[in-house]
Enquirer: 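Mind looking over this structure? Questions follow.
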Amino acid sequence: MGAKEELHATHSVARSMAVYERAQAVIPGVTQLLSRRPTQAALGVSPVYAAKAKGCRIWDVDGNEYVDWMSGVGPIILGYADEIVDAAVSQQIERGGICSIVHESAVELAEELVRLIPSAEMVRYAKGGGEACTVAVRIARGVTGKDRVLFCGYHGWHDWYLAANLGEERLDGHLRPGIEPIGVPGVLEGTTIPFEYGDLQMLEDLLEANLNEVACIIMEPMRTELPPPGYLEGVRALATKYSVVLIFDEVSCGFRISLGGVQEYTDVVPDMSVFAKAISNGYPMAAVVGSREVMEPVSRMFISSAYWDDPIGTVAALTTVRELERRNAVRHFERIGASFKERINRAAGDVGVDAECVGVAAHPGIRFHVDDPETARKVTTLFIQENAKRGLILSTGFFFNCAHDDAALDHTEAVVRESFAVIRDGLENRRLDALLHCEMREDLFRRLVR
């Protein structure tokens with residue numbers, strides 16, 4: 001056995017799996033975020049529990065070190081345990097957390113978001129992307145006096161969204177097929193209607209079919225690939241024509257492509273926008289921003305929570321946003337992303353695997369060109385498995401952070417070459433099953449927005 005093979009053979013996540021067994025007895029679903037479930041990776045080979053994280057690296061409870069490209073599934077944008085953000089938070093903790101009156105940082109953060117984000121004239125806060133989307137939908141319904149929602153993409157777990165699965169299975173293109181709306185009131189059936197990304201005619205047909213009943217269009221404006229030419233402009237025009245509030249859900253795409261979001265990048269301005277995840281580098285925080293016309297009536301709506309403007313979150317977000325600007329983070333993501341794409345594509349070409357890294361440099365994705373869906377699942381699982389064995393947390397979707405550097409790129413290129421070679425062997429010799437040492441990765445999201 002060669003040195004590399006011996007190193008990979010010694011890779012163990014035994015303690016992670018032991019903790020996982022304990023978790024199954026006391027935590028339904030094991031984790032709180034579906035995308036963080038161990039079945040989303042290579043269960044039995046991928047790390048499940050972290051001991052610490054710094055920069056772009058994670059150390060698991062078994063002592064293994066990894067270069068991590070998932071960045072906390074999106075929230076980590078400056079890097080794990082960023083000294084400047086953590087110092088600001090620590091100082092605020094010493095001064096006190098939530099108290100009976102509001103901290104000035106809530107106003108300062110709102111002023112920064114208004115300065116940076118084209119759609120922002122007024123701001124409300126929340127703690128997570130899903131609830132922020134729910135706040136945005138509530139605002140739109142309150143402002144328009146209408147009930148129905150047209151949506152495209154993934155917007156969380158709340159009743160208004162999962163109501164799309166009452167009756168027909170309509171979320172299949174947005175989430176994994178077969179999600180049952182357990183606990184969602186049946187009276188919500190028909191209140192939330194999906195539309196296909198890129199299809200302006202479908203959207204207009206829905207607006208006509210539900211004339212004067214639609215409160216808002218909420219959508220992910222983009223993810224890895226640029227919108228079709230004229231598409232977002234067309235959505236904006238339809239929202240204006242039918243007097244419907246347009247909401248951009250920038251929970252996942254915000255800040256990496258542009259500090260002003262996709263709306264700044266594409267020069268298409270919605271009425272409201274939702275930002276979370278990367279806004280505060282791992283501390284819970286979210287923001288709903290919008291025009292004064294749409295947001296000012298919120299002062300008369302009952303939308304309230306004790307923790308939404310706690311100073312820990314607002315200070316973390318304020319510091320993160322300022323650091324992103326100071327460090328010219330968008331330029332960093334463009335440079336790192338361009339090099340990442342070039343290296344992945346070079347490795348695929350050299351090894352002879354039909355795969356490519358596609359999309360905008362700041363937020364690309366890896367595509368394996370495999371026709372059979374079951375084979376594609378095996379290939380993706382094998383890719384995650386082989387990367388994990390070699391000290392790399394990387395799937396086909398990922399998020400850059402400011403701590404990703406040339407050393408991380410060098411390590412990643414070397415590992416991916418080896419992983420691609422294993423995949424090629426499995427495909428050419430029809431032995432993917434024999435090469436898989438883990439359970440099959442669970443198919444969770446089927447994104448209409450790519």
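The chain is numbered in sequence order, starting from 1. Worth saying up front: this structure is predicted, and the values here are computed from it rather than measured.
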Enquirer: Test S12 against D62 for side chain to side chain donor-acceptor pair (under 3.5 Å), laying out the working first.
Expert: CA-CA 7 Å; S12 171; D62 290 276; 4.5 Å; no
Enquirer: Distance alone, cut at 3.5 Å: any donor-acceptor contact between the side chains of E220 and S252?
Expert: no
Enquirer: Go through it in stages, so that I can follow the logic: the residues are T224 and R367, the test is side chain to side chain donor-acceptor pair (under 3.5 Å), and I'd like the CA-CA distance, side-chain angles, deciding distance and then a yes or no.
Expert: CA-CA 11 Å; T224 64; R367 307 274 187 263; 3.2 Å; yes
Enquirer: Which label fits F255 and F275: parallel for a plane angle under 30°, tilted from 30 to 60°, or perpendicular past 60°?
Expert: tilted
Enquirer: Among residues at least two apart in sequence or on other chains, which ones pass side chain to side chain contact (heavy atoms under 4.5 Å, CB included) with R138?
Expert: I303
Enquirer: For the atom pair NE2 (H332) and CZ (F400), what is the distance rounded to the nearest 0.5 Å?
Expert: 8.5 Å
Enquirer: May I ask you to decide whether K54 forms a salt bridge with D68, counting only side-chain N to carboxylate O separations under 4.0 Å?
Expert: no
Enquirer: Please report the interatomic distance CG(L238) to CG(L207), rounded to the nearest 0.5 Å.
Expert: 6.0 Å
Enquirer: Parallel, tilted or perpendicular for F398 and F340, by the 30°/60° rule?
Expert: tilted
Enquirer: Do other residues, nucleotides or ligands put more than 12 heavy atoms under 6.0 Å from the CZ atom of R326?
Expert: yes
Enquirer: Does a side-chain N-to-carboxylate-O contact under 4.0 Å join D350 and R343?
Expert: no
Enquirer: Indicate, with yes or no, if the rings of F399 and H363 have centres closer together than 6.0 Å.
Expert: yes
Enquirer: I'd like to know if D60 and R15 make a salt bridge, using a cut-off of under 4.0 Å between side-chain N and carboxylate O.
Expert: no
Enquirer: Could you state the interatomic distance from CE (M285) to OG1 (T320), rounded to the nearest 0.5 Å?
Expert: 11.0 Å
Enquirer: Regarding R236 and T266, is there a side-chain donor-to-acceptor distance under 3.5 Å anywhere?
Expert: no
Enquirer: Could you give the distance from CD (E250) to CE (M222), rounded to the nearest 0.5 Å?
Expert: 9.5 Å
Enquirer: Quick one: pull up CG in N210 and CG in L150 and give me the separation to the nearest 0.5 Å.
Expert: 6.5 Å
Enquirer: Under 4.5 Å between any side-chain heavy atoms of R327 and I84, yes or no?
Expert: yes
Enquirer: Does E374 come within less than 4.0 Å of R377, counting only side-chain N to carboxylate O?
Expert: yes
Enquirer: Can a donor-acceptor pair be found between the side chains of D310 and Y125 at a distance below 3.5 Å?
Expert: no
